[in-house]
Amino acid sequence: KARELLSTAYGVTVIDNPAKSEYPTPIEAAGKDPVYVGRIRKELALENGLAIWVVADNLRIGAALNTVRIAEKLVEMDLAKISN
């Protein structure tokens, strides 16, 4: 269920194939917009826990791209106006 939900999430790319040792690595995320998720498995220490491996280009996702996406959403929701 988690793989299904994550694979349809906006801005998320799932790379999770344990049989072939396929999972995301930081080098794959460098310079790219998606957040990559893999190694999805049940967390045995918590009853409803989930363990996942997440990588992203922190400069793009953590700063610049998120700012742009938030601004676009505000305009889309008519909470901010673009002026010339």
Side-chain angles (χ1 to χ4, degrees):
K1 180 79 175 172
R3 279 181 189 84
E4 178 185 329
L5 290 171
L6 288 166
S7 67
T8 60
Y10 177 76
V12 174
T13 299
V14 175
I15 303 173
D16 189 43
N17 188 346
K20 293 185 177 182
S21 297
E22 294 176 347
Y23 51 88
T25 61
I27 196 76
E28 291 172 298
K32 298 178 185 165
D33 290 344
V35 173
Y36 296 91
V37 177
R39 293 183 164 177
I40 304 165
R41 59 194 182 278
K42 182 178 179 177
E43 173 57 65
L44 301 178
L46 301 169
E47 183 178 341
N48 294 314
L50 183 67
I52 60 175
W53 175 256
V54 180
V55 296
D57 185 320
N58 290 338
L59 291 178
R60 294 176 71 96
I61 296 301
L65 184 60
N66 274 354
T67 302
V68 170
R69 286 180 176 167
I70 290 167
E72 289 173 341
K73 194 61 158 175
L74 289 171
V75 170
E76 176 187 314
M77 295 172 68
D78 203 27
L79 297 172
K81 304 273 185 211
I82 297 176
S83 62
N84 294 332

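Computed over heavy atoms, backbone and side chain alike; hydrogens, waters and symmetry mates excluded.
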Transitive ILVMFWY side-chain link Val75 to Leu79, under 4.5 Å: no

Single-linkage hydrophobic cluster Val55~Ile15, side-chain heavy atoms < 4.5 angstrom: yes

Single-linkage hydrophobic cluster Trp53~Val14, side-chain heavy atoms < 4.5 angstrom: no

Ile52 reachable from Val35 in the ILVMFWY side-chain graph, under 4.5 Å edges: yes

Qualifying side chain to side chain donor-acceptor pair (under 3.5 Å) pairs with a residue from residues 36-45, counting only residues at least two apart or across chains: Tyr23-Arg39

Atom of Val54, atom of Val37 and distance for their closest heavy-atom approach: CG2-CG2, 4.3 Å

Distance in Å, Leu50 CG paired with Leu6 CG, rounded so as to fall on 0.5 Å steps: 7.0 Å

